[in-house]
Amino acid sequence: MTATACISDAIRVASFNTELNRAGPGLLFRDILRGDDTQIDAVVQVIIAVQPDVLLLQSFDYDFERQALKAFAALLGKQGKEYPYLFALRPNTGLQTGIDMNGDGRSGQPEDGQGYGRFSGQGGMALLSVFPILETEVRDFASFLWSDLPEALMPEVEGKPFPSEEAQQVQRLSSVAHWDVPIELSNSQTLHLFAYHATPPVFDGPEDRNGRRNHDETAFWQHYLDGALPERKTEAPFVILGDANLDPLDGDGRHAALSSLLKHHRIQDPAPTSAGGADAARKQSGVNDAHRGDPALDTVDWPDFTGRPGNLRVDYVLPSADLRVADSGVFWPLDDTLVTDASRHRLVWVDLEF
């Protein structure tokens, strides 16, 4: 399907946390080239099954020349799905600060980067598109400081900045990245992709550093839409997509920012569902039985025993209110062998008509 052919048809926009992050630089590229990695093959098959025209990947290792991304796109091309336009920027993951960023008295650890990472670029984001990506017009907010966000929930302990004032002066908001990426649908039509991957709201202490940051990473988009940031807000049609690492109702985290975003007057929530999500929650039971949200909306299959989150809705594709949604879904079939081999997360998609 070509860019010009798609204009009169539905355009499928998707987000997928592939969990293709590896333990060292270059290992993902190596595994793709080897051609015998069952997880990579499963991720490819999921994408081929859904056939998105625009696809945001999370937890996909970044390298400067985008070699892993190019090799991955080549695998998809061999399966009949060509993505001529690829995009990725250096994320905050593994970008060391030289400062103790989590208050454990040490520096130089994976937790001491601008975002968690064993190496610079681990678990980044990448975009694949059948439409031209207007790279010169991309806005990369990876360097936006957390303290510059209006009403930022900066962590404190006994009234003092946590872990230190020095750390908060350099701490970026994005644990991975926030992007505004325009794609050209035709000579007169541009769609903006607001892409991000928020930190999990756990793995911290009573200061709730990760929980507060997770909240504010989603709150960023509401401020962006409202024109409350120094950057000029985008008036063109847009889609917010990515892994918020937060459910509107269930699991850990501060739910206010996400709940507010889902109700924002410039956004619509297609509420994509799957039969597999509802079936999995019923079969797995455990903490899922106490969830308030509709399990058909779930997008991730996490452990279900006491003290763990269970299955939640954490991955989103949210079009602007001026777009027409033709269809939507979560790729979670009743026979979930393929998706289980690929990732704990499920691919989420929305069809848009222009």
Side-chain angles (χ1 to χ4, degrees), residues 15-23 37-40 42-43 46 58-60 93 102 104 109-111 115-118 122-123 155 175-176 197-215 217-218 242-259 262 271-316 329-348:
S15 177
F16 189 16
N17 185 335
T18 62
E19 297 190 307
L20 286 179
N21 51 311
R22 296 295 188 256
D37 188 291
T38 56
Q39 185 201 8
I40 292 172
V43 169
V46 166
Q58 301 94 48
S59 297
F60 191 96
T93 52
N102 67 337
D104 67 354
Q109 304 300 309
E111 297 84 359
Y116 180 91
R118 295 181 179 88
Q122 183 183 33
S175 54
V176 180
H197 183 184
T199 191
V202 290
F203 311 123
D204 53 17
E207 82 288 341
D208 194 26
R209 175 176 176 261
N210 292 337
R212 291 169 177 269
R213 190 180 188 185
N214 171 278
H215 173 280
E217 287 186 270
T218 290
D243 181 357
N245 256 317
L246 192 67
D247 185 283
L249 298 172
D250 301 306
D252 295 312
R254 297 170 177 256
H255 305 278
L258 180 59
S259 297
L262 292 175
T273 61
S274 72
D279 186 61
R282 178 183 60 82
K283 289 180 178 177
Q284 294 167 2
S285 189
V287 297
N288 294 308
D289 293 342
H291 285 176
R292 294 175 292 165
D294 181 357
L297 295 168
D298 289 344
T299 67
V300 67
D301 187 356
W302 281 327
D304 313 289
F305 51 85
T306 302
R308 302 309 296 268
N311 304 347
L312 298 171
R313 182 190 186 192
V314 301
D315 306 277
Y316 300 87
V330 178
F331 186 70
W332 195 336
L334 291 174
D335 180 1
D336 64 356
T337 303
L338 175 62
V339 293
T340 300
D341 289 344
S343 171
R344 294 173 298 176
H345 292 257
R346 306 298 182 247
L347 187 151
V348 182

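Worth knowing before you read on, the calculation uses all heavy atoms, side chains too, and leaves out hydrogens, waters and symmetry mates. We number each residue from 1, following the sequence as shown.
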Non-hydrogen atoms of [X] and [Y] that approach each other most closely:
X: V339; Y: P333; result: CG1-CD, 3.9 Å
X: Q122; Y: A23; result: NE2-CA, 4.1 Å
X: V46; Y: A342; result: CG2-CB, 4.1 Å
X: A281; Y: P295; result: CB-CB, 3.5 Å

Heavy atoms, side chains only, cut-off 4.5 Å: are [X] and [Y] in contact?
X: R313; Y: V330; value: no
X: Y316; Y: P248; value: yes
X: L246; Y: T218; value: no

Using modelled atom types only, decide if a donor and an acceptor are shared between the side chain of [X] and the backbone of [Y] within a distance under 3.5 Å.
X: H291; Y: P309; answer: yes
X: N288; Y: S285; answer: yes
X: S15; Y: V348; answer: no
X: Q39; Y: E19; answer: yes
X: N245; Y: A198; answer: yes

Suppose we screen for side-chain contact (heavy atoms from CB on, under 4.5 Å). Which residues come up paired with [X], at least two apart in sequence or across chains?
X: T18; result: F16, L20, V43, L57, F60
X: D341; result: A42, T337
X: R282; result: D279
X: A271; result: D269, L297

Listing request: all side-chain hydrogen bond (donor to acceptor under 3.5 Å, both in side chains) pairs with a residue in residues 201-211, at least two apart in sequence or in separate chains. Q171-R209, D208-R254
Please report the interatomic distance [atom1]([X]) to [atom2]([Y]), rounded to the nearest 0.5 Å.
X: N21; Y: Q58; atom1: CG; atom2: CD; answer: 11.5 Å
X: D247; Y: L258; atom1: CG; atom2: CG; answer: 8.0 Å
X: N102; Y: F203; atom1: CG; atom2: CZ; answer: 13.5 Å

Test of understanding: with side-chain hydrogen bond (donor to acceptor under 3.5 Å, both in side chains), list the residues that count as partners of [X], not counting sequence neighbours.
X: T199; value: none
X: Q109; value: none
X: S175; value: E217

With sequence neighbours excluded, what pairs up with F331 under the ring-ring contact (aromatic ring centres under 6.0 Å, His included) test? none
H345: what forms a ring-ring contact (aromatic ring centres under 6.0 Å, His included) with it, not counting sequence neighbours? W302
I need the full list of salt bridge (charged side-chain N to carboxylate O under 4.0 Å, His left out) pairs touching residues 297-308, with sequence neighbours left out, sorted by first then second residue. D301-R346
For D37, check salt bridge (Lys or Arg N to Asp or Glu O under 4.0 Å) against everything at least two apart and list the hits. R22
